[in-house]
Amino acid sequence: MSARTRGSTAVAVALTATLTAATAALLTGCGPTSGARAVSTPPAATGAPGGGGSTAPAGGAAPSATTAPSTSAATTPAGGSTPAGTATTAGSTRAPVLNGTAHSGLTISDGTRYVVMNGTRVDFGTAVRDLAWSPDGRKAAFIDGAGNLAVADPNGTGRVTVARNPGGQNWSHPTWQVTGYDTIPELSRRNNIFFAVRRNGVSELDSVPANAVSGTPKKLGLGGEPGDGAQRIPQTGNSWPSAGGTHGSAVYANSGGEVFIRDDYVRQQGSVLTHGSQPAMSHTDGEEIVFVRSAGGHDHLFLETPTDAGPVFRDLTPHATTDYTEPAWSPDGSTIAARTPAGIVTLSTKSSATPELVSTYTGLPSYRG
């Protein structure tokens with residue numbers, strides 16, 4: 001079976017508008033699971049860099065952090081350190097933090113030990129960077145405080161070091177490749193984690209079984225399409241992998257400014273998709289892809305949908321007056337969450353509704369299935 005053919009041309013539409021103003025009320029809710037180590041005090045926005053801080057957004061600059069509102073009270077966890085964000089006190093004139101993650105499956109990791117989810121924050125007991133959920137939502141993969149690849153339960157417990165960083169390397173942006181057994185053709189189940197590795201100034205993509213314990217990552221194979229005239233696939237300069245669908249496909253960014261697709265069904269093949277960065281593949285079918293591209297002076301989000309007549313590209317943020325980066329798909333494919341300097345917004349993939357600010361926390365958004 002040949003790789004799915006995709007085009008590489010997109011048209012950016014630059015217009016002008018504003019984000020929808022968000023309510024300042026703090027939404028609260030129960031923790032993600034029983035036994036979760038949730039911070040009981042409603043937290044404020046963190047000033048830490050985003051979960052994807054090791055990779056710059058499309059514009060080339062590292063994401064700017066939103067300054068946390070100052071407070072006169074803080075809750076100190078058992079470990080003795082002060083949480084990255086705390087609540088405003090009674091009588092304070094400062095606006096409360098917006099945390100609209102309740103009942104949505106949206107989570108935010110910002111490099112601290114606290115993951116924003118379900119209207120609260122959960123203490124994972126170690127720094128959590130670039131958190132990504134398994135397709136069934138039962139496990140979280142992330143880069144821990146020691147730079148290792150770790151997997152934990154949704155409440156931060158049961159943490160296992162899947163692969164140990166040997167030192168001198170920067171690991172980032174894990175993503176799950178999970179497929180079931182396929183009778184036609186006979187393909188075995190796969191449960192792997194892809195992630196980006198930067199060593200000696202060179203970045204590449206590695207892979208390790210998700211159930212490994214201190215496993216040894218292997219370089220991820222990146223083959224091109226068959227044929228003498230097929231494009232050579234760059235083996236280095238690759239980052240920001242995102243897998244999705246039922247056939248093990250993935251997309252990733254290259255330092256040359258291109259997004260590549262890696263088909264991995266009957267045989268692994270790959271090709272350039274389009275110009276852009278920070279791609280995210282849909283969880284539902286692995287067909288649609290959202291990515292970041294500069295247009296009209298800002299980073300926009302574009303949606304690519306394959307059709308029989310060729311790929312169709314649509315600017316999801318044509319009226320952008322701010323930068324939209326680090327997109328993430330909701331499990332049902334209807335919503336995209338993205339980072340802005342003001343916090344996390346959500347927008348529909350089915351309509352042209354204005355993006356809505358749902359959290360003033362800044363970090364890497366991800367959806368738990």
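- The shortest heavy-atom contact between S330 and S334 is OG-N, 3.4 Å.
- The distance from atom CG of L301 to atom CG of L316, rounded to the nearest 0.5 Å, is 6.0 Å.
- Closest approach of I344 to A337, counting heavy atoms only: CG2-CB, 4.3 Å.
- Between N155 and V122 the shortest heavy-atom distance is O-CG1, 3.5 Å.
- The list of ring-ring contact (aromatic ring centres under 6.0 Å, His included) pairs with a residue in residues 127-165, not counting sequence neighbours, reads F124-F142.
- To the nearest 0.5 Å, atoms OG (S242) and CD (Q177) are separated by 12.0 Å.
- The distance from atom CZ of R293 to atom OG of S277, rounded to the nearest 0.5 Å, is 10.0 Å.
- Between atom CD of residue Q269 and atom OG of residue S249 there is a gap of 10.5 Å, rounded to the nearest 0.5 Å.
- The CZ atom of R190 lies 10.0 Å from the OG atom of S207; values are rounded to the nearest 0.5 Å.
- Closest of all the heavy-atom pairs between Y252 and L205 is CG-CD1, 3.7 Å.
- Cluster note: V213 groups with V160 through ILVMFWY side-chain heavy atoms spaced under 4.5 Å, whether in direct contact or through intervening members.
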Check against side chain to side chain donor-acceptor pair (under 3.5 Å), E356 and T346: CA-CA 5 Å; E356 178 185 2; T346 58; 4.6 Å; no

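- Every side chain to side chain contact (heavy atoms under 4.5 Å, CB included) that N148 has, sequence neighbours left out, goes to D144, A146, T161, R164, N165.
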Test salt bridge (charged side-chain N to carboxylate O under 4.0 Å, His left out) applied to D153 and R138, step by step: CA-CA 6 Å; D153 295 332; R138 295 181 179 180; over 6 Å; no

Steps toward salt bridge (charged side-chain N to carboxylate O under 4.0 Å, His left out) verdict (D123, R121): CA-CA 7 Å; D123 183 0; R121 295 187 309 164; over 6 Å; no

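- Remark: aromatic rings of F313 and F302 are distant, center separation not under 6.0 Å.
- In terms of the side chain to side chain contact (heavy atoms under 4.5 Å, CB included) criterion, residue partners of A253 (sequence neighbours excluded) are, by chain and number, S239, W240, P279.
- Nearest heavy-atom pair, R159 versus A150, reported as atom, atom and distance to 0.1 Å: CG-CB, 4.1 Å.
- Taking the side chain to side chain contact (heavy atoms under 4.5 Å, CB included) definition, one finds that K219 meets it with E204, D206, Q235, sequence neighbours left out.
- Residues passing the side chain to side chain contact (heavy atoms under 4.5 Å, CB included) test with A141 are V151, P174, W176, I193, sequence neighbours excluded.
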